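Here is the structure we will look at.
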Amino acid sequence: MQRVILLPGMDGTGALFRRFLTASPPQYAPEVVSLPPELRTRAEVAEQIGAGLQLGPDCVMVAESYSGAVAARLAAKYEVAALILCNSFVAPPRHRALRALALPLLFRLPPSPAIIRYFFVGPTASDDLVEEVRNAIARVPARVLAARLAEVLTEDVGDWLARCSARVLYLRGTRDRLVPEASVQRIAALTSAEVVRIAGPHLLLQTAPAEAWAAISEFTARCGAAERQDEADSRPVA
């Protein structure tokens with residue numbers, strides 16, 4: 001089985017991967033990584049978790065939204081089989097002036113179900129999924145969420161991603177209301193990433209897990225075939 005390292009969105013808990021894990025094909029061994037809440041920056045997170053993950057050519061990294069910058073650093077430093085970015089970004093997805101709104105006060109209470117449906121899971125999401133998102137956000141201290149949002153609106157890690165040698169797949173939710181198309185195009189330009197568009201909102205792995213796994217399976221199979229062909233081409237002719 002192939003290891004699949006799952007890096008969560010801004011809540012950092014990893015709790016929202018439950019549906020995605022359930023839909024995993026048998027050839028994969030998914031491992032959920034929670035982001036240490038005591039660390040304020042994604043650079044610190046990548047440094048702390050990198051060595052412990054034992055990343056290598058047998059690993060596929062799947063990074064959701066906020067964790068794209070963590071994955072970019074790790075993929076630049078360690079050799080991995082493939083990097084999958086889901087509704088993610090490597091530069092501020094919205095205007096930097098919005099950083100002024102990154103205040104702990106705004107995160108004291110979890111967002112309402114209406115806001116979660118509009119921005120994260122779509123209008124047809126089940127009440128159970130909406131409640132899971134609310135609970136995941138509520139588990140994270142307000143100061144941590146505010147610091148993560150401020151970083152999202154200021155940090156650019158495009159240079160790290162450009163140094164990544166792994167093949168890159170971008171899973172794009174066609175109804176994502178948080179990450180603009182410009183973020184997708186920036187990543188595609190930096191890495192020649194393949195972009196697969198799947199009908200769904202920002203939390204695509206939670207609302208369309210089977211479709212996401214199908215895209216990942218096809219992509220990693222082609223990566224493996226290309227790797228075997230490269231090895232065959234590099235062998236000396238007898």
Side-chain angles (χ1 to χ4, degrees), residues 5-21 32-49 62-73 85-157 171 173 175-180 182-183 200-209:
I5 308 300
L6 303 178
L7 300 173
M10 201 168 80
D11 67 284
T13 63
L16 295 177
F17 282 129
R18 183 177 66 84
R19 288 171 170 79
F20 190 61
L21 291 171
V32 177
V33 178
S34 298
L35 307 185
E38 72 276 8
L39 301 181
R40 293 297 188 92
T41 71
R42 289 174 290 187
E44 292 174 333
V45 171
E47 182 67 26
Q48 177 165 312
I49 70 175
V62 178
E64 189 177 42
S65 190
Y66 170 86
S67 283
V70 177
R73 286 184 167 88
L85 299 174
C86 183
N87 288 334
S88 195
F89 44 87
V90 293
R94 298 295 175 182
H95 198 283
R96 293 171 186 260
L98 293 174
R99 188 181 187 281
L101 299 177
L103 302 171
L105 179 64
L106 297 179
F107 296 96
R108 293 280 169 79
L109 296 174
S112 69
I115 288 177
I116 289 174
R117 290 184 187 279
Y118 184 83
F119 286 107
F120 296 102
V121 298
T124 62
S126 68
D127 292 341
D128 287 346
L129 178 56
V130 171
E131 192 60 23
E132 284 179 32
V133 175
R134 293 190 84 227
N135 290 339
I137 294 173
R139 287 169 56 181
V140 187
R143 58 178 175 75
V144 174
L145 290 172
R148 287 175 178 170
L149 178 59
E151 185 183 28
V152 161
L153 294 171
T154 54
E155 185 185 40
D156 188 324
V157 297
L171 299 180
R175 297 189 292 273
D176 187 353
R177 295 181 182 272
L178 289 178
V179 179
S183 295
H202 184 66
L203 291 184
L204 190 64
L205 303 183
Q206 291 73 22
T207 55

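This structure is a prediction, so every number in the text was calculated from the model and none was measured.
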Leu101 and Leu153: CA distance, side-chain angles, deciding distance, side-chain contact (heavy atoms from CB on, under 4.5 Å) verdict: CA-CA 10 Å; Leu101 299 177; Leu153 294 171; over 6 Å; no
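Remark: Asn135 pairs with no residue by the side chain to side chain donor-acceptor pair (under 3.5 Å) rule, at least two apart or across chains. Phe89 pairs by the ring pair (Phe, Tyr, Trp, His ring centres under 6.0 Å) definition with nothing, not counting sequence neighbours. Shown here are the side-chain contact (heavy atoms from CB on, under 4.5 Å) partners of Ala138, two or more places apart in sequence or in another chain: Pro110. Qualifying side chain to side chain donor-acceptor pair (under 3.5 Å) partners for Asn87, counting only residues two or more places apart in sequence or in other chains: none. Residues satisfying the side chain to side chain donor-acceptor pair (under 3.5 Å) criterion with Glu47, sequence neighbours excluded, are absent altogether. Scanning for salt bridge (charged side-chain N to carboxylate O under 4.0 Å, His left out) contacts around Asp11 gives an empty result, with sequence neighbours left out. Applying the side-chain contact (heavy atoms from CB on, under 4.5 Å) criterion to Ala147, with sequence neighbours excluded, gives Arg40.
Phe107 contributes atom CZ, which lies 8.5 Å from atom CD1 of Ile137 (distance to the nearest 0.5 angstrom). Note that CG of Leu21 is 6.0 Å distant from CG of Leu6, once rounded to the nearest 0.5 Å. Here CZ of Phe119 is found 12.5 Å from CG of Leu203. Values are rounded to the nearest 0.5 Å.
When Val45, Thr13, Val144 are each tested for a side-chain contact (heavy atoms from CB on, under 4.5 Å) with Leu35, only one passes: Val45.
Ile116 approaches Val130 most closely through the heavy-atom pair CD1-O, 3.8 Å. Annotation for Ala142 and Pro104: closest pair CB-O, 3.4 Å, computed over non-hydrogen atoms. The two residues Pro93 and Pro180 make their nearest non-hydrogen contact at O-CG, 3.2 Å. The shortest non-hydrogen separation linking Ala63 to Ser88 is O-CB, 4.4 Å.
No side-chain heavy atom of Thr154 sits less than 4.5 Å from a side-chain heavy atom of Pro92. The shortest side-chain heavy-atom distance between Leu178 and Phe120 falls under the 4.5 Å cut-off. Between Leu204 and Asp176, the closest side-chain pair of non-hydrogen atoms is not below 4.5 Å. Residues Val62 and Leu205 have side chains in contact (heavy-atom distance under 4.5 Å, counting atoms from C-beta outward).
Pairs of residues two or more places apart, or lying in two chains, that qualify as side-chain hydrogen bond (donor to acceptor under 3.5 Å, both in side chains) and include a residue from residues 113-133 are Arg18-Glu132, Arg19-Glu132, Arg117-Asp127, Tyr118-Arg177. Residue pairs that meet the side-chain hydrogen bond (donor to acceptor under 3.5 Å, both in side chains) test with at least one member in residues 94-105, sequence neighbours left out, do not exist here. Evaluation of the salt bridge (Lys or Arg N to Asp or Glu O under 4.0 Å) test over residues 139-149, restricted to residues two or more places apart or in two chains, returns none.
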What donor-acceptor contacts under 3.5 angstrom involve side-chain atoms of residues 64-72, with partners at least two apart or in another chain?
residue: Glu64; atom: OE1; partner: Gly9; partner atom: N; Å: 3.4
residue: Glu64; atom: OE2; partner: Gln206; partner atom: NE2; Å: 3.0
residue: Ser65; atom: OG; partner: His202; partner atom: NE2; Å: 3.0
residue: Tyr66; atom: OH; partner: Glu151; partner atom: OE1; Å: 3.2
residue: Ser67; atom: OG; partner: Pro8; partner atom: O; Å: 2.3

